[in-house]
Amino acid sequence: MEIEFYPLDIDYDNNSVIKLIGTTKDGKKACVYDDSFRPYFWIFNDDVDKIKDKISKISNDIENIYVTNVEVHNKNYLNKEVKALKVFYNNPRGLRFILDELNDFGIEKKEIDINFAKRYLIDKNITMMTLTKIDGEVINDENFDYCIKGIVKQESQEFYDNPKVLAVDIEVYGSAGGEDKVKNDPILMIGLLSKDIKKVITWKKFKAQDYVEFVNSEAEMIEKFIEIVKNYKPDIIIGYNSDSFDFPYIKARAEKYGIKLNLGSDNSNLRFTPGLQNNVKINGIIHLDLLKFIRKIMAANLQLDSYSLDSVAKELLQQGKKEVEIDIVEAWDNIKDLEKFSEYNLHDVELTLEIFDKIFPIMVEIVKLTNMPLFDISRISYGQLVESYLIKRAGDFNEILPNKPMHEDISERRLATYQGAFVMEPKIGFYNDVAFFDFRSLYPSIIVAKNIYPGNLNSNKEGYETPEITDENGNKKIYYFNTKREGFIPEVVRDLIIRRNRIKEIMKTEDNVTLKARSYALKTIANSTYGMYGFFGARYYSKECASSITAFGRQYIKDAIKKAEEEDFLVIYSDTDSLSVTLGNKTKKDALNFLKKINIELPSLMELELEGFYPRGIFVSKKGETQGAKKKYALIDENGKIKITGFETIRKDWSIIVREVQLKVIEMILKEGKHENALDYVRKIIKEIKDKKIDLKKMVIKEQLKMPLESYKQIGPHVAVARRMKLLGMDTSPGTNIYFIVSNEPGIIRDKARIPSECNDYDANYYIENQIMPSVEKIFEVFGITKDQVLIQEQSKLGDF
DNA sequence: GAGATTGTCGTACC
DNA sequence: ACAGGTACGACAATCTC
């Protein structure tokens, strides 16, 4: 029998049988077995014939492990041609035994740490969720509409565009965290949303919208949830923090009632994948925890206040969560406001589904680029992302990959550091007509231009020469990279850049979600490659390469600064790959000509671009010093849009009042081109703070706990408050945001810090001296206004009238 | 024991 | 442990006399 299906999930057994579960075009569930593929690894040996026979005979009858085949290949390894043996074996779990047997030969083994299922997808060039064929014999399995054993083939590129996606979100009793929470606090509601389902299940009756379904108990609610999933057969289940909260919670509560959480399409129970992270796996269904992908891949390009569903929705959808002030305990106990509560629950799944729609195209592009399953992609880190892509591309270049480092190597590598980028001390001032230039993808283009690859390091001092590099011991070094043969990684990065440039070219004439996502994915992989060289856990870790890239980077940006100065531009600031100048008597056209001139001399793919023109900009000094503060400036563009970098107003760990006031001050100064009104405004606010006219909510300061509470050597205000919270049974696990207000209590600041709910006054002096003043002082100083002048009371000004 | 210095911590920039 | 280094600034902890 022959069928076509979209594979969703992949697994394998101890006999090297690959199992794919997927959906057919008409929505039927298919389970497919392919036993045509065997695990393998590589070994290097010049004396191939001598050892080939011996290796072929390795076997262990008791454990059913044996080498099935050995082939000889000519391969590349770190830019050297090598004779390599490809050793196939029967059982993916037999690797350890075979490697131990090979120890006697003292030979190098490679690609021993690549997951069998992923190896299968790459070698067979199968992209998950893409139309796939199988022709084979039918096997009986009542869980599936089709179950076939045969050889899988993918000839189509038709992606499964319209999968059934089900969003899930639970609401639980109680507000505090604590260890016994799961034991004591029941789930109250389960919200479910897809294109076909809109439902909130709950177990107390109240007047509600018709999407609310009532059952008689929590246990019934969980059973109902399982029934809905099993009937609907979604392709993808999504949640927000569902790896760590919703599913572990549902699992624990189900266990309490002895309910089997057999959500898998093969009727298997939901499970946690082995390893450090809580990854909730449901066989045959792709479970995605959107929070993971946002935190690991998207966050760097988003302006998030926190990773809460609310702030992510605000950023991605320009729409926050519904403001609901319901005390869950009170509402549930007294059957009050439960209708609102159910609306809130539904709204959460709505946001989850909408966020999914936004980020899914990016995940899809990464799935296509790497051949990794969506389940893995949604939980991938930058390091793994680059590595997955390199594993995929290695085959195209006949390249064998280095192994992941051993534990000993990691601890050694972790201590190693190297010099990074150049940051220029800004020239303090309030400027007119600022032009901002930056290099397009500086580090990736250096990797390509200078052929930076571990295998290209030249010991005989020939090739591309790095600037002098000083290591952490003060030793000076120069590295040389082979100019003759392009390395595997430079070639891959070149390809990434060219492909992205091509897409950007197309995007000029058509706006398209897929192209945008592809461009994002290509850029992310290219930009992470430099980081991978410096990452201790990477296969291609190379401090030499990482430090060479930054050294070339410093050289290129310093050279650009020099050339700008030679053209009589006043360079006011530079960080890593950017520089800003004031135009002075020059025109925008002069600036563009300067770019043209400089770009002629740069290697191909490397380009200095105009980031923007800004009619006004301000660069301030460091606190308590006369030097300019790096990474701290504000600009206004020609449309009046303000771009703020590094200032307190964009930092999450300052009080709301400071962030508000500083933002307003910067806006007024940049828009008006003078400081007088801003000064009046600040004086007014200071008076209001003194007079206690400011809402206590605006005095809240937020800081995150980064470690377990016990690990802190220094007990700062947020740690002190977290300790108080712990006594109240609240959640204080790492990652928790701690909110506090500095009260009028005596002592040092941590003694004064209070949980907002147990605080009804603020220390005006603290908020003026330690919050408002530090944030505006340096701005006014640029205009020659001292701190004391800012603090002069309003009355004296009134006297002028 | 007050004032200066150093260390810890969180967050941001690129 | 799951990309890198550079930088600012608050506050506590420690040193210094």
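Proteins get letters first, then strands, A, B, ... in listed order; numbering begins at 1 in each. Since this is a predicted model, take the numbers as computed values, not measurements.
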Ring geometry between A:Y762 and A:Y767 (parallel below 30°, tilted from 30 to 60°, perpendicular above 60°):
perpendicular
Audit row: A:L635, A:I642, side-chain contact (heavy atoms from CB on, under 4.5 Å) steps and yes/no
CA-CA 6 Å; A:L635 305 161; A:I642 285 170; over 6 Å; no
Please classify the nucleic acid contact of A:E703 as base, sugar-phosphate, or nothing, using heavy-atom distances under 4.0 Å.
sugar-phosphate
Assess A:K543 against A:Y533: is NZ or CZ under 6.0 Å from the centre of the six-membered ring, and within 45 degrees of the ring's axis?
no
Is the phosphate of C:dA13 approached by A:R750 (side-chain N or O, under 4.0 Å from OP1 or OP2)?
yes
From the set B:dC14, C:dA10, C:dA12, return the single nucleotide nearest to any side-chain atom of A:P717.
C:dA12
Check every strand shown and say whether A:A546 touches a base, only sugar-phosphate, or nothing at a heavy-atom separation below 4.0 Å.
nothing
To the nearest Å, how far apart are A:Y573 OH and C:dT6 P?
14 Å
Using the side-chain heavy atoms of A:I410, tell me which of these nucleotides is nearest: B:dG10, B:dA12, C:dA1.
C:dA1
Between atom CD in A:E648 and atom P in C:dC8, what is the gap in whole Å?
12 Å
At less than 4.0 Å, is any side-chain N or O atom of A:Y633 found next to OP1 or OP2 of C:dC8? Yes or no.
no
Separation of C:dT6 atom C1' from A:K632 atom NZ, nearest Å, is 15 Å
What is the nucleic acid contact for A:I380, judged by heavy atoms within less than 4.0 Å: base, sugar-phosphate only, or nothing?
nothing
First of A:Q714 and A:H718 reached from the 5' end of DNA chain B, by closest nucleotide
A:Q714
Measure CE/A:M424 against C1'/C:dC8 and give the value in whole Å, please.
18 Å
Among B:dC9, C:dG4, C:dC8, the one nearest any side-chain atom of A:M707 is B:dC9
Which is true for A:I549 with a 4.0 Å heavy-atom rule: it touches a base, it touches only sugar-phosphate, or it touches nothing?
nothing
Within the structure, does a side-chain N or O atom of A:K404 lie under 4.0 Å from either OP1 or OP2 of C:dC2?
no
Would you mind reading off the distance between A:N279 atom CG and C:dA1 atom P, rounded to a whole angstrom?
17 Å
P spacing across the pair C:dA1 / C:dG5, given as an integer number of angstrom
16 Å
Check whether the ring centres of A:Y573 and A:Y633 lie less than 6.0 Å apart, and answer yes or no.
yes
Which one, B:dC14, B:dG10, C:dC2, comes nearest to the side chain of A:D577?
B:dC14
Please state how far atom CG in A:L705 lies from atom P in B:dC9, giving the value in whole angstrom units.
12 Å
If you check every side-chain atom of A:Y712, which of B:dA12, C:dA3, B:dC9 has the closest atom?
B:dC9
Among C:dA1, C:dG5, C:dG9, the nucleotide that comes nearest once only the side chain of A:F535 is considered:
C:dA1
Centroid-centroid distance, A:F481 to A:Y464, less than 6.0 Å
no
Looking at A:D495 and A:R393, is there a salt bridge between them, counting it only when a charged N and a carboxylate O are closer than 4.0 Å?
yes
Reckon A:E387 touches a base, only the sugar-phosphate, or nothing at all at heavy-atom distances under 4.0 Å?
nothing
Does OP1 or OP2 of C:dC11 have a side-chain N or O of A:N770 closer than 4.0 Å?
yes
How long is the line joining CD1 of A:I748 and P of C:dA10, in whole Å?
16 Å
Hey, which sits more toward the 5' end of DNA chain C by its nearest nucleotide, A:Y443 or A:G537?
A:G537
Base, sugar-phosphate or nothing for A:K296? Non-hydrogen atoms, less than 4.0 Å.
nothing
Report which part of the nucleic acid A:Y533 touches: base, sugar-phosphate, or nothing (heavy-atom distance under 4.0 Å, all strands).
nothing
Apply the side-chain hydrogen bond (donor to acceptor under 3.5 Å, both in side chains) test between A:R379 and each candidate in A:D289, A:T273, A:D243; give the one that qualifies.
A:D243
Nearest-Å distance, CD (A:Q384) to P (C:dG4)?
13 Å
Presence of A:K622 side-chain N/O under 4.0 Å of C:dC8 phosphate oxygens OP1/OP2:
yes
From C:dA7, C:dG9, B:dA12, pick the nucleotide closest to the side chain of A:K652?
B:dA12
Are A:K713 and B:dC9 close enough that a side-chain N or O sits under 4.0 Å from OP1 or OP2?
no
Pick base, sugar-phosphate or nothing for A:Y766, based on heavy-atom distances below 4.0 Å to the nucleic acid.
sugar-phosphate
Taking any heavy-atom pair under 4.0 Å as a contact, classify A:G420: base, sugar-phosphate, or nothing.
sugar-phosphate
Mind checking if A:S528 touches a base, just sugar-phosphate, or nothing, with heavy atoms under 4.0 Å?
nothing
